[in-house]
Amino acid sequence: MTSDEMTSNEAAGPGRKYKLPSEISQLISVFGAQMRLYSKSKVAIAFIILALVIPVLAYSGAAETIIKGMIKAIPSTSYLLILLPLFTIAIPAMMAGRILSSEFANRTAYLLFTLPVSRTTYYLGKFLAALTLSIGVFAMAYAFAVICGSGMYGPSYPNDVLSSFVMCAVGVFALTAMAYGLSTYFKKGSTGLVISMMIFLPMIILALRGMTGDLDLSEGTGSSVFDPLMMLPPFTGYQSLYLIDNGIGGTSLRSLFKAFIGPYPLFAYLLVSIIWGTVFLILGMLNVKRKEL
């Protein structure tokens, strides 16, 4: 028994021994600590309030008035989620883009590294908190949009809503991991960088495809525009918006399964986003492990 263990056991009292909490317990502790910080964050509270505003926009008619002035389309649940492509980029970047950079700048992260909490546990606990909050905000938005939209524009197919939300959640994972992983490399975080890259990248890709004549948007984002470049995470918001009202999922589990394997292969989009997010998450973790105390 080492001297540190003897001292710890003596401090615990006769017949008692200190035992370090498990990795899972430590992960939960880090997760909980970060969620408590989010509860005091003005940005996090603002995004939650935005989700709560959806019923107001729906029942006041404001959403329909605004969207009709922008595009010609039949009113539907997608009206209430028209800003989904933007927020699938902004929310993950703002929730995860400065967590670690601010703690490294304030040296609080280095204090935790001296405690019996591994860097991997610390890193993953913070990420899971950012991911949970981000997906939670979108879950609220979807719930309000579907409830209000069903009452005003007619019900959406359950499988359409499910496939749309899965696409959205996986995209949020990819962009949260990207912002979180990159934040370990920049002193001021990666929020601005990720938002700028992910907003302009789809525009550049669509412009290039339009110039070369390879892009046909006449049938929405279905199989006619099944393009490898459009599988990238910045497009998941657009794909989610398309899926929610287009009847791809049908009403049965069999039709949902078919939707994921083709002719509009959703699994390919999901796989790309999962790989994208995992790569950035690993890059960030390796950087955190390399940082000197």
Side-chain angles (χ1 to χ4, degrees), residues 20-54 84 87-145 165-166 168-186 188-192 194-195 233 236-237 273-274 277-278 280-285 287-289 291:
L20 293 178
S22 65
E23 291 286 337
I24 298 298
S25 297
Q26 294 177 29
L27 184 70
I28 294 173
S29 295
V30 175
F31 174 88
Q34 183 59 41
M35 292 301 286
R36 286 191 291 273
L37 291 176
Y38 277 137
S39 67
K40 303 175 184 177
S41 169
K42 294 180 180 179
V43 174
I45 294 172
F47 282 131
I48 294 174
I49 292 175
L50 281 175
L52 295 173
V53 168
I54 289 178
L84 193 64
F87 283 119
T88 51
I89 295 171
I91 291 178
M94 297 184 75
M95 291 296 99
R98 292 202 62 184
I99 298 177
L100 293 181
S101 60
S102 62
E103 295 206 357
F104 282 121
N106 297 329
R107 313 295 291 182
T108 54
Y110 296 102
L111 295 176
L112 284 173
F113 288 163
T114 61
L115 298 175
V117 177
S118 70
R119 296 191 182 199
T120 300
T121 300
Y122 168 79
Y123 180 82
L124 293 178
K126 294 278 185 178
F127 169 73
L128 289 176
L131 180 63
T132 299
L133 181 60
S134 297
I135 292 180
V137 171
F138 285 103
M140 288 178 59
Y142 264 80
F144 287 131
F165 183 72
V166 169
C168 176
V170 173
V172 168
F173 162 77
L175 295 172
T176 302
M178 179 183 181
Y180 188 70
L182 288 179
S183 71
T184 65
Y185 293 88
F186 300 96
K188 294 184 179 180
S190 62
T191 300
V194 171
I195 291 177
T236 54
S273 289
I274 290 172
T278 302
F280 279 104
L281 200 59
I282 292 173
L283 289 175
M285 182 184 298
N287 193 39
V288 168
K289 288 186 174 181
K291 288 183 179 293

Practice problem: Could you pull out the closest heavy-atom pair between Leu133 and Ala44, with the gap in Å? | Solution: CD2-CB, 3.8 Å

Exercise. Please name the pair of heavy atoms, one in Thr236 and one in Ser273, separated by the smallest distance, quoted to 0.1 Å.
Key: CG2-OG, 3.5 Å

Quiz item: Can you tell me how far OG of Ser118 sits from CG of Leu27, rounded to the nearest 0.5 angstrom?
Solution: 9.0 Å

Practice problem: Would you sort out whether Ile91 and Val172 count as a side-chain contact (heavy atoms from CB on, under 4.5 Å), showing the intermediate values? | Solution: CA-CA 8 Å; Ile91 291 178; Val172 168; over 6 Å; no

Exercise. Classify the angle between the aromatic ring planes of Tyr180 and Phe127 as parallel (below 30°), tilted (30 to 60°) or perpendicular (above 60°).
Key: tilted

Self-check item: Atom of Phe87, atom of Phe138 and distance for their closest heavy-atom approach
Solution: O-CZ, 3.2 Å

Quiz item: How close do Ala51 and Ala141 get, heavy atom to heavy atom, and via which atoms?
Solution: CB-N, 4.1 Å

Practice problem: Please round to the nearest 0.5 Å and tell me the distance separating atom NZ of Lys289 and atom OG1 of Thr120. | Solution: 3.5 Å

Exercise. State, to 0.1 Å, how close Val194 and Ala93 come at their nearest heavy-atom pair, and which atoms those are.
Key: CG1-CB, 4.1 Å

Exercise. Could you list all the side-chain hydrogen bond (donor to acceptor under 3.5 Å, both in side chains) pairs where at least one residue sits in residues 33-53, not counting sequence neighbours?
Key: Gln34-Lys126

Quiz prompt | Residue among Ile49, Ile45, Val43 satisfying side chain to side chain contact (heavy atoms under 4.5 Å, CB included) with Phe47 | solution = Val43

Exercise. Check the pair Phe280 / Thr176 against side-chain contact (heavy atoms from CB on, under 4.5 Å), numbers first and verdict last.
Key: CA-CA 9 Å; Phe280 279 104; Thr176 302; over 6 Å; no

Quiz item: Any sub-3.5 Å donor-acceptor pair from Ser134's side-chain atoms to Leu131's backbone N or O?
Solution: no

Self-check item: Atom pair CG (Leu283) and CG (Leu281), whose distance is rounded to the nearest 0.5 Å
Solution: 9.0 Å

Practice problem: Measure across Thr278 and Ile274 and return the closest heavy-atom pair with its distance rounded to 0.1 Å. | Solution: OG1-O, 2.7 Å

Practice problem: Would you check, one step at a time, whether the test side-chain hydrogen bond (donor to acceptor under 3.5 Å, both in side chains) holds for Gln26 with Thr121? | Solution: CA-CA 7 Å; Gln26 294 177 29; Thr121 300; 4.5 Å; no

Practice problem: Show your working on side-chain contact (heavy atoms from CB on, under 4.5 Å) between Tyr142 and Cys168 and close with a plain yes or no. | Solution: CA-CA 10 Å; Tyr142 264 80; Cys168 176; 3.7 Å; yes

Quiz item: Between atom CE of Met285 and atom CG of Leu124, what is the distance when rounded to the nearest 0.5 Å?
Solution: 4.0 Å

Self-check item: For Tyr123, side-chain hydrogen bond (donor to acceptor under 3.5 Å, both in side chains) partners two or more places apart
Solution: none

Quiz item: After noting the C-alpha distance and the side-chain angles of Arg98 and Ser183, does the key distance pass the side-chain contact (heavy atoms from CB on, under 4.5 Å) rule?
Solution: CA-CA 6 Å; Arg98 292 202 62 184; Ser183 71; over 6 Å; no

Practice problem: State the CD1-CE distance between Ile135 and Met95, to the nearest 0.5 angstrom. | Solution: 13.5 Å

